[in-house]
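Counting starts at 1 for both ligands and their atoms, in listed order. Below, all heavy atoms of this structure are taken into account, side chains as well, without hydrogens, waters or symmetry copies. Sequence positions, counted from 1, serve as the residue numbers for this chain.
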Amino acid sequence: MADFNELPAHVWPRNAQRQEDGEVTIAGVPLSEIAEEFGTPVMVFDEDDFRSRCRDMADAFGGADRVHYASKAFLSKRIARWVNEEGLALDVASLGELQIALAAEFPAERITVHGNNKSARFLQACVDAKVGHVVIDSADELQLLDLVAAKAQHVQPVLIRVTPGVDAHTHEFIATSHEDQKFGISLATGDAFEAAKACLRAENLTLVGLHCHVGSQVFDAEGFKLAAERVMGLYSQIHNELDYTLQEIDLGGGYGIPYTAYESPLDIKAVSQDLLSAVARTAEELGITPPTVLVEPGRALVGAAAVTVYEVGVIKDVTTGDAETPQRRYVAVDGGMSDNIRPALYGAEYDARIINRYTDGEEIPTRIVGSHCESGDILIDNVQLPNDVKAGDFLATAATGAYSYSMGSRYNAAVRPAVVAVRAGMIKPMLRRETLDDLLSLEVD
Ligand code: LLP
């Protein structure tokens, strides 16, 4: 059996290490020191981990500006500044995300805007800020954006989001490329081609490319490739029938990451080679220079960069009546589905370790649960945890950087955790913990 004290390197941040005294440090900072200073739960980002993954991705796709960080995975001003410093572009998918990016002085010309139901107000803000790209998600939006841009006397560069009809083999809630869902304009019905024609007619839009996104937490490299080939089919049709050559193909994000010791990482380099050669092949057939390939990963850049540290509270043992696991220990921590809804929503699994000391207890079937009033408030459904875990220990779940804080809630009037970054032995606070006063500040008496 694997040693519970070991941190699986492909799941934990690149600069996480268990020291001789049993303490886990990230970039040299002991996690329990952060827990004591900032309280628990607390999220800790390994800045160099994030930056190094940005560089790896830039390397795989041939340039930092070709990689758009999908900020829905996690956004704060500080991370927007890191993305800017690394030379990446940024995707936003709401007015709020746009505001945070602009507040961080992220250059608007490197911002791409998504959303299936962008309001006139949101589109107005995009045009006013002069964002680099708006990704048009529907025929209705095309008309609305043209009007908004005309009023501002602006010509807005756009991409058209197409649904290539590929089954992404991921959780149904996060698959976005099949026909029967809300995103994008269908390729198969010819609607996407019609949208391209409408874009070329629209006076205040410039069509620069096509976009697709297969889904999220995808490991199936074939799905990415098939989608790219189909999008390139439309690219050729536009070239041949409309005599118009697009400059960019945005193939979306979705690269899966391992969350547990038993999963393996996706070979991004191999995927990028597949995608780049699929695009190059079509360009060669057409006898033209290949368009620039853009990608927009969120999870693959930020997922493994953070851990969430909790304090252990109540422990109880139950008899399950189940022959396979007759006894189970419940270990409750001081967070839960408000700071990480992914296990409850998608059945997601995580790796958890005690981070303030070595443990040498016998490993027993354990369920790690939160503190919310719901029995589905489970962080890890079934894990072998040493039986010496006790109240007051600090327990951390790894790979919580993507879609945990950003999908957080205030269920049970919980306050959102503090978020800090660490680098070279230094702690840099990113977001302060919410307070009870923050909760009360919304009340209208
Ligand atoms: N581009 C578009 C158009 C997207 O919709 C998304 C994610 C991304 C890029 C980034 O995908 P990533 O590389 O992070 O997989 N809440 C779910 C994930 C939802 C993803 C939504 N769109 C989860 O926790 O697994």
Side-chain angles (χ1 to χ4, degrees), residues 50 53-54 56-57 60-61 66-75 79 83 88-94 97 111-118 133-138 141 159-164 166 168-178 181-185 209-220 223-224 227 231 249-259 263 265-266 268 271-272 275 293-306 308 337 339-350 379 397 399-409:
F50 178 78
R53 287 176 208 270
C54 289
D56 292 349
M57 196 65 78
F61 284 95
R66 298 178 179 192
V67 180
H68 295 217
Y69 170 59
S71 70
K72 71 200 83 185
F74 175 77
L75 183 62
I79 204 158
V83 173
L88 272 60
L90 191 77
D91 272 10
V92 299
S94 71
E97 288 173 0
I111 295 179
T112 296
V113 181
H114 280 286
N116 69 302
N117 185 29
K118 303 179 193 78
H133 296 106
V134 172
V135 182
I136 292 184
D137 208 276
S138 65
E141 182 189 329
L159 306 177
I160 294 176
R161 176 166 180 169
V162 306
T163 34
V166 172
H169 302 294
T170 182
H171 193 285
E172 145 188 33
F173 294 178
I174 50 180
T176 56
S177 178
H178 52 298
Q181 43 85 25
K182 69 174 184 168
F183 295 107
I185 306 180
L210 301 173
H211 171 280
C212 74
H213 173 72
V214 176
S216 198
Q217 186 58 1
V218 176
F219 280 94
D220 170 22
F224 291 117
V231 172
I249 295 292
D250 183 334
L251 296 175
Y255 308 120
I257 64 163
Y259 281 96
E263 293 164 292
L266 183 67
I268 296 280
V271 174
S272 71
L275 295 182
V293 174
L294 310 174
V295 285
E296 46 192 30
R299 187 191 323 260
L301 299 181
V302 80
T308 307
M337 65 198 302
D339 61 80
N340 190 355
I341 190 68
R342 298 193 69 261
L345 192 55
Y346 314 116
E349 295 184 85
Y350 283 87
L379 281 175
T397 46
T400 56
Y403 305 110
S404 45
Y405 192 93
S406 67
M407 294 179 79
S409 76

Region of Tyr346 that comes within reach of ligand 1 [heavy atoms, distance under 4.0 Å]: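 It is the side chain that touches ligand 1; the backbone stays farther off.
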Ligand-residue contact atoms, ligand 1 with [X], heavy atoms, under 4.0 Å:
{"X": "Arg161", "value": "3 (C)"}
{"X": "Pro297", "value": "13 (O)"}
{"X": "Ala70", "value": "8 (C), 9 (C), 10 (C)"}
{"X": "Met407", "value": "16 (N), 24 (O)"}
{"X": "Gly254", "value": "11 (O), 12 (P), 13 (O), 15 (O)"}
{"X": "Gly253", "value": "9 (C), 13 (O)"}

Main-chain N/O of Ala60 paired with Ser272 side-chain donor or acceptor, under 3.5 Å: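 Flag set: sc Ser272 to bb Ala60 pair under 3.5 Å.
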Taking Thr397's backbone N and O only, do any of them form a donor-acceptor pair with Thr308's side chain (distance below 3.5 Å, no angle check)?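 No, because the side chain of Thr308 does not come within donor-acceptor range (under 3.5 Å) of the backbone of Thr397.
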Find the distance between CZ (Phe74) and CD1 (Ile79) and round it off to the nearest 0.5 Å.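 That separation rounds to 5.5 Å.
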Salt bridge present between Glu141 and Lys118 (N-O < 4.0 angstrom):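 A salt bridge links Glu141 with Lys118.
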Report the member of Arg299, Gln217, His68, Glu296 with the shortest heavy-atom distance to atom 3 (C) of ligand 1.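 Considering heavy atoms of Arg299, Gln217, His68, Glu296, the nearest to atom 3 (C) of ligand 1 sits in Glu296.
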Stepwise side chain to side chain donor-acceptor pair (under 3.5 Å) check, Tyr69 with Arg53: CA-CA 11 Å; Tyr69 170 59; Arg53 287 176 208 270; over 6 Å; no
The single option from His68, Lys72, His133 passing side-chain hydrogen bond (donor to acceptor under 3.5 Å, both in side chains) against Asp91: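 Exactly one option meets the side-chain hydrogen bond (donor to acceptor under 3.5 Å, both in side chains) with Asp91, and it is His68.
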Under the criterion side chain to side chain donor-acceptor pair (under 3.5 Å), I'd like the reasoning laid out for Arg299 against Ser216: C-alpha separation, chi angles, the key distance, then a yes or no. CA-CA 8 Å; Arg299 187 191 323 260; Ser216 198; 2.7 Å; yes
Quick one: does Arg342 get an N or O within less than 3.5 Å of an N or O on ligand 1?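 In this structure, Arg342 places an N or O atom under 3.5 Å from an N or O of ligand 1.
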Is it the case that ligand 1 has an N or O less than 3.5 angstrom from some N or O of Tyr403?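 So ligand 1 has an N or O lying under 3.5 Å from an N or O of Tyr403.
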Take the angle between the ring planes of Phe61 and Tyr255 and call it parallel below 30°, perpendicular above 60°, tilted in between.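 Parallel.
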So, does Ala300 sit close enough to ligand 1 that a heavy atom of it is under 4.0 Å from the ligand?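 Outside the 4.0 Å threshold, so no.
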